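Reading through the structure tokens given below for one structure.
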Protein chains: 2
Amino acid sequence: MVYTSEHPIFYVTVDVVVLAIRDDALHALVVERGSNPFKGRWALPGGFVEPEEGLRDAAVRELEEETGVGTRVRRLEQLGSYGDPDRDPRGRVVSVAWLAVLPHGVAPASGSDAADAEWKPVSSLLGGERLAFDHRSILADGVERARSKLEYTAMATAFVGPKFTVAELRRVYEVVWGVGLDAGNFHRKVTSAGFVEPTGDSVQRGPGRPAALYRHVEGADELNPPLTRSALR
Amino acid sequence: MVYTSEHPIFYVTVDVVVLAIRDDALHALVVERGSNPFKGRWALPGGFVEPEEGLRDAAVRELEEETGVGTRVRRLEQLGSYGDPDRDPRGRVVSVAWLAVLPHGVAPASGSDAADAEWKPVSSLLGGERLAFDHRSILADGVERARSKLEYTAMATAFVGPKFTVAELRRVYEVVWGVGLDAGNFHRKVTSAGFVEPTGDSVQRGPGRPAALYRHVEGADELNPPLTRSALR
DNA sequence: ACAAAAGTGTTGAGCGTACACCCATGG
DNA sequence: CCATGGGTGTACGCTCAACACTTTTGT
């Protein structure tokens, strides 16, 4: 069909801020661009939405194709849309950005579309490193969203495995917020906030008393009262 | 099919949830659709984004064209994007939704594009009334966003004039949250939260002691500590 | 004088912070 | 037996909800 629309046409993409904790630091997943524009530059995983595809589905598909971690995503929420007329030299492209969280220890699969998918510390991506398009801004928004969502949702549990200790959860908060937290007070708050329940098992990690294992309570996402960001030390 | 682009083509629209308080009830601005699809049905103001236009600019322009209130908007933030493949019978349309707040007493201008722009109570729009497209869902998301943003931002001040009394502000919270609040406690909280400052004037509304007028402190948008939603009575 | 709304005082309950202390394990 | 991390006890200070009370006006 000849294009006779009375309305302007756009391309729509999805881009995903994928966060995880590695080596006690917040990392984001980035891929090296294989073609222009920005060939060779790091970018957030993402790509063009298919004609009959939902936006969320597109985010998961692109994540799987480019990094192989699509099925491991523990949480995926819409971050916002970015549509400056000049944000993409190929034309008028609106990108719907998503925030995804992975548990620690997930590696980008080899043999996927993108020759290189890598975890990079958020600090360096937001520091000197230059990302493609407006991805630096999208990443910054994603990190800020994660910081505030830790306060009043169960998002932290998406950064750890299905069974976790209170100390693992505490590291998540400490790393994402960049503060030290009182271990005792944190333990009380988190075990009485209603979003985690003991599995009954316990586990030994190095010296010290074995820690009880908890799991995330199905469907409990609101934290009441919220965990406050107040630092210790 | 002659479309030779290597990527699928979309239309992009903006839709705006415009909230204001009228007659002690939360209202939203809706326009009657003049053409198909959904001809004659109420819809959120909005329309197609121009080729060289930013998304926020498009929201303001459409609001001005369809309702004449574009310049009176006191707050405009992105709500999210809606892109189900079937959400619009005209084709693949992704809509970027915005949340706008107006002070009370703003009327939709006559002589604008839309024959009919009207304030309607949110309760009826989310109740029986049937809106065009997925606008009911967008409106619901907008109202929920407003409810939670009252807690920890200065959004409430956008619902009142540039100078306002503490009681006016309290009515905003009571109407949007649908609860009664203790006048004394509210007064203390709000005047010590740092986002309002006295103008020095005072004003008389009916019987009772005259109320001091306040204005919103420029740039103060975060509420610390947040106002809690706990009801009274 | 009375009603009504603005604004301040007061009090008791509950929560958060800080930190002491006990528990259970590895070396 | 010591070091290390898990987990509990406790006390002090602060905030908040509830509500009594004072202030300032209209009728």
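If you're wondering where the values come from, they're calculated on a predicted model, not measured in any experiment. When reading the values below, keep in mind they use all heavy atoms of this one structure, side chains included, and skip hydrogens, waters and symmetry mates. Here is the naming used below: chain letters follow the sequence lines, and residue numbers restart at 1 for every chain.
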Side-chain N,O ([X]) to OP1/OP2 ([N]) below 4.0 Å:
X: B:T228; N: D:dA17; result: yes
X: B:R170; N: C:dA6; result: yes
X: B:K189; N: D:dA17; result: yes
X: B:H187; N: C:dA6; result: no

Rounded interatomic separation in angstrom, taking [atom1] from [X] and [atom2] from [N]:
X: B:L181; N: C:dA5; atom1: CG; atom2: C1'; answer: 16 Å
X: A:F164; N: D:dG6; atom1: CZ; atom2: P; answer: 14 Å
X: B:F186; N: D:dC16; atom1: CZ; atom2: P; answer: 14 Å
X: A:R188; N: D:dG6; atom1: CZ; atom2: C1'; answer: 13 Å
X: A:L227; N: C:dT17; atom1: CG; atom2: C1'; answer: 14 Å
X: B:R229; N: D:dC16; atom1: CZ; atom2: P; answer: 17 Å
X: A:E168; N: D:dG7; atom1: CD; atom2: P; answer: 11 Å
X: A:D182; N: C:dA20; atom1: CG; atom2: C1'; answer: 11 Å

Original post:
Crowded around B:R72 CZ? As in, over 12 foreign heavy atoms under 6.0 Å?
Top reply: no
**OP:** Decide if atom CD of A:E222 counts as having more than 12 heavy atoms of other residues, nucleotides or ligands within a radius under 6.0 Å.
**Re:** no
Original post:
Is the backbone N or O of B:E168 less than 3.5 Å from a side-chain atom of B:T165, with the two atoms forming a donor-acceptor pair by type?
Top reply: yes
Original post:
For the side chain of B:T199 and the backbone of B:L213, is there at least one donor-acceptor N/O pair under 3.5 Å apart?
Top reply: yes
Subject >> Comparing A:G184 and A:P225 on DNA chain C - which has the more 5′ nearest nucleotide >> reply: A:P225
**OP:** Indicate whether any N or O donor in one side chain lies under 3.5 Å from an N or O acceptor in the other, for B:Y82 and B:D141.
**Re:** yes
Original post:
Which of residues 195-215 of chain B sit near DNA chain D, with a heavy atom under 4.0 Å from it?
Top reply: B:Q204, B:G206, B:P207, B:G208, B:R209, B:P210
Subject >> Check: A:F164 ring centre within less than 6.0 Å of A:Y214 ring centre >> reply: no
Original post:
Can you name the one residue among A:T153, A:L19, A:L102, A:T157 that meets side-chain contact (heavy atoms from CB on, under 4.5 Å) with A:R75?
Top reply: A:T153
